[in-house]
Amino acid sequence: MTIAFFLWYLLYVVLSGWARDFMAIKLLGNINVALLLGLLQFVSTFWIAWAYSRFAEKKLDPLADEIRHEVEGKI
């Protein structure tokens, strides 16, 4: 997921630097491709955080609880 997000961000930076005509295409009113892709960066960041939170709650937290109970039980 980290690599995918990094590549997505890198694509945005590269397009902003070298594909200015493409990024300037107006989609709706004053909203252009650059603005849309920039906003999608925020959306993807929040989605990744939400997805990781769900993963951690389902998979990692139970393992951490199990380890904690094992350690506390042996002391």
Side-chain angles (χ1 to χ4, degrees):
M1 187 61 72
T2 302
I3 292 169
F5 182 78
F6 178 72
L7 292 174
W8 162 234
Y9 177 74
L10 187 62
L11 174 68
Y12 178 74
V13 171
V14 168
L15 288 174
S16 294
W18 286 281
R20 292 178 181 259
D21 292 337
F22 171 72
M23 296 295 266
I25 295 172
K26 295 209 179 215
L27 301 174
L28 182 66
N30 287 329
I31 299 173
N32 60 16
V33 173
L35 181 60
L36 180 64
L37 291 179
L39 291 173
L40 287 174
Q41 290 285 321
F42 286 101
V43 171
S44 63
T45 299
F46 287 114
W47 180 82
I48 290 169
W50 173 79
Y52 179 77
S53 174
R54 290 194 66 209
F55 169 78
E57 186 178 348
K58 289 180 181 178
K59 302 288 184 183
L60 301 179
D61 289 350
L63 290 174
D65 288 340
E66 183 180 324
I67 293 169
R68 187 183 81 238
H69 290 304
E70 283 182 24
V71 169
E72 289 175 350
K74 291 181 181 179
I75 293 177

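Numbers for residues simply follow the sequence, beginning at 1. Given the structure is predicted, the values throughout are model-derived calculations rather than measurements.
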Next on the checklist: With rounding to the nearest 0.5 angstrom, report the OG1 to CD1 distance, Thr2 to Ile48.
Outcome noted: 7.5 Å
Next on the checklist: Within the structure provided, determine whether Tyr52 and Met1 are in side-chain contact (heavy-atom separation under 4.5 Å).
Outcome noted: no
Checklist entry - What distance separates Leu15 CG from Asp21 CG, expressed to the nearest 0.5 Å? => result 12.0 Å
Item to check | 4.5 Å side-chain heavy-atom contact, Leu27 and Asn32 | outcome: no
Item to check | Neighbour count above 12 (heavy atom, 6.0 Å) for Arg54 CZ | outcome: no
Next on the checklist: Is there a path of hydrophobic side-chain contacts, each under 4.5 Å between heavy atoms of I/L/V/M/F/W/Y residues, joining Leu11 to Ile25?
Outcome noted: yes
Checklist entry - Is there a path of hydrophobic side-chain contacts, each under 4.5 Å between heavy atoms of I, L, V, M, F, W or Y residues, that connects Trp18 with Leu10? => result yes
Item to check | Hydrophobic cluster identity match, Leu39 and Ile31, side-chain contacts under 4.5 Å | outcome: yes
Checklist outcome for this item: CD of Glu70 to CG of Asp65, rounded to nearest 0.5 Å, is 11.5 Å
Checklist entry - Are Val14 and Phe6 in one and the same hydrophobic cluster, where Ile, Leu, Val, Met, Phe, Trp and Tyr link if side-chain heavy atoms are under 4.5 Å apart? => result yes
Next on the checklist: Quick one, Val33 with Lys26, criterion side-chain contact (heavy atoms from CB on, under 4.5 Å). Give me CA distance, side-chain angles, the key distance, then yes/no.
Outcome noted: CA-CA 7 Å; Val33 173; Lys26 295 209 179 215; over 6 Å; no
Checklist outcome for this item: So CD of Glu66 and CG of Asp61: to nearest 0.5 Å the spacing works out to 13.0 Å
Item to check | Leu40 vs Trp8 side-chain heavy atoms within contact, under 4.5 Å | outcome: yes
Checklist entry - Taking atom OH of Tyr9 as the centre, does the number of heavy atoms from other residues, nucleotides or ligands within less than 6.0 Å exceed 12? => result no
Item to check | Separation of Gln41 CD from Leu36 CG (nearest 0.5 Å) | outcome: 11.0 Å
Item to check | Closest non-hydrogen atom pair between Pro62 and Ala56, with its separation | outcome: CD-O, 4.3 Å
Item to check | Evaluation steps, side-chain contact (heavy atoms from CB on, under 4.5 Å), between Met23 and Tyr12 | outcome: CA-CA 9 Å; Met23 296 295 266; Tyr12 178 74; 3.7 Å; yes
